[in-house]
Amino acid sequence: MELTLRRRAIYTGLRPYFDDESLLNAINLWQEEYSQKPKFALSVFIARCCDTAQLKIERPKILGAIFMAMDLASDELLPDPLVELNANNVFQPGIKQAQDHKTKVFTTLLQQILLKFNKDDVKHIRKFLVDHLHEVKTDKVRLMYIREWLTSNTHTLDGTYDLDVLQQLINLGYVAMCQSVGPVKADQYLAQSIKETEPLSMELGFKLHDLL
Amino acid sequence: MRRISTPLILMLSGIIFLSPSSAMATDAIKPDVINTIWVVIAGAMVFLMQAGFAMLEAGMVRAKNAVNVMMKNYIDLCVGTLLFWLVGYGLMFGDNPSGFYGTNLFGLSSAPDWDYTLIFFQIMFAATAATIVSGAMAERTNYIAYLIGTCGITAIIYPIFGSWAWNEHGWLKQMGFIDFAGSTVVHSVGGWCALAAVLLLGPRLGRFGDKGEPRKVPGHNLSFIAIGGFLLWFGWFGFNGGSTLVAGTDLGHILLNTHMAGAAGAIGAMLICYLTRQPALLTGTVNGSIAGLVAITAGCASMQVPYAILTGAIGGALSVLGTIWLEKLRLDDVVGAISVHGFCGAWGTLAAGLFLTGNMYDSHQIMVQLTGIGAAFAWVFLSALIMYFVISLVVDLRVSTMHEQRGLDITEHGEIGYPEFGKDAAYSNESLKDLSKI
């Protein structure tokens, strides 16, 4: 079951019991720590989410609801929580803004870097980035967007991000590149990708080296 | 008739004035003067080895870290000089009733002329021991942490061991330990400090693959490496020759042994590359000759020429094999300092006992040599390990991955080594001002 579908199943199971903010935190927790683990780890996940007396009583029901949701067909599940919660204005207005120039240059640069690698290496680099997202210092919602962007292989990273965050992501990408192909090629690929992204950054009036 | 220029006349007068026959004829120059002239010139030649190390190490790192390596070599000399004068010389050559450390001659401000000569000469040796470490730690070490480490080496680690081996009352010296110019005292000390630092630092990003396979990180300037090798070789004549502390007739033998071992070291390294089906790289060849020079340093005054050649050749081979072994252990020594200075220093010290003219293969002498080698490793490695560990707790020993990405030239010094030729680099001189949070 692919990640988006599993996320929708978790969301469908949890929705009747949690408010928007708690849901967001729960889904974020699941993505960060439980999305790659086997099903039985969900009981630990639910135990961590149910932090009030009322929720603790309902724990078996919630767990059952999630297991049921996982057996549902795709069209029976609630929409992707990222879209749904976004529509409910759970996210801060700043994040909902369209992609800004620096984020656009960042996504182009990272994509240029990834284009230099074969499929397996790209997979490894993306996984490395996802696994090390906890090192990136930003709020949970933004982390969720970034995780979604990295795992779903889409072109557009929604939202706006601080320069620090984007710098950290490029650096994580560099570390992953070093692991995959060694430091010499990593330096070469980074330099090439910078050159290829420079026309866009000049067009948008954003200094590319601010990202590095 | 052609006119002879004034500088030429002065130079010729100087040569005639300083020549032994002239001195003996006029009886105007005392032997002390000649000895002093020789030792200070030799000291100045050893000083040039700093340039050799700087060139060699800078050539072996990537362009983005060249300034950092040069800076480390330059500043460790300055820091080491001051600290060795203040603390190290006293610990090493002061009165030594215990046999373990000197107790006076700290920060000498007034002393007999010969003491000044000795301090000048010994400062160059201390700086050499310290600078060996910089290459091994290159490309990922915090500049301040490195400098603190240099302080520890030149003020405590090196002089304490030096007092055991070179102080008249040192316990190793009393046992009859032979290390004429410092295969162990200088080179192994540097090598073992480097080993401790490299263990704590860890390898550079991506230096080893998932399965431990080493990935080559070629240096950015092979010409620098070759010139560095030549400079070091030249400086070694002062290093070994000056250690006589006397302008005697044995200088020719010492310098010939030194030169032969350097040449044999390069050949030994090439041969072992050939036998192990590896390409004979310039880096390995230069390191081989330095390994030969390191190895002969202990016994250059006490073994016959053929044995000097053998000592050098084995040293050269050992430098290649040691590097391969360290790579298998996933230890990232950027310039091969541990192998060249640590392993070959130990081998050279053993060889000085094995091939001692008039007393070859003497088991007692060999045991003394092994004791000295073991004591050096135990003291230097453990004290350096503790020192670097404490440094890592106070200031980070290793730079962040962001700094490794940007290169230490920018992050540690705010300048770029090759501003005009950075077409293929991620960072150019123009981008310096845009890089935030250096």
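Every chain is numbered from 1 and lettered A, B, ... according to where its sequence line falls, protein lines coming before strand lines.
Residue B:Arg215 holds its CZ atom at 10.0 Å from NZ of A:Lys185, rounded to the nearest 0.5 Å. Note that OG1 of B:Thr401 and CD of A:Gln168 are 9.0 Å apart. Values are rounded to the nearest 0.5 Å. Interatomic distance, CE of A:Met177 versus CG of B:Leu205, reported as 10.5 Å (0.5 Å rounding).
Residue-environment remark: CZ (A:Phe67) exceeds the threshold of 12 foreign heavy atoms within 6.0 Å. Under a cut-off of 6.0 angstrom, the local environment of CE in B:Met270 is sparse, with at most 12 non-hydrogen atoms contributed by other residues, nucleotides or ligands. In the displayed structure, A:Asn118 atom CG is contacted under 6.0 Å by more than 12 heavy atoms of other residues, nucleotides or ligands.
Residues A:Gln167 and B:Arg406 share a closest heavy-atom pair of NE2-NH2, 3.9 Å. Nearest heavy-atom pair across B:Gln405 and A:Asn171 is OE1-ND2, 2.8 Å.
At a 4.5 Å heavy-atom cutoff, the contact between A:Ser180 and chain B is made by backbone atoms alone. Using a 4.5 Å cut-off between heavy atoms, B:Lys64 contacts chain A through its side chain alone, with no backbone atom that close. Contact of A:Leu172 with chain B is not made at all, since no heavy-atom distance falls under 4.5 Å.
Checking each of B:Arg207, B:Arg62, B:Arg204, B:Glu404 against A:Pro183 for a side chain to side chain contact (heavy atoms under 4.5 Å, CB included) leaves exactly one that passes, namely B:Arg62.
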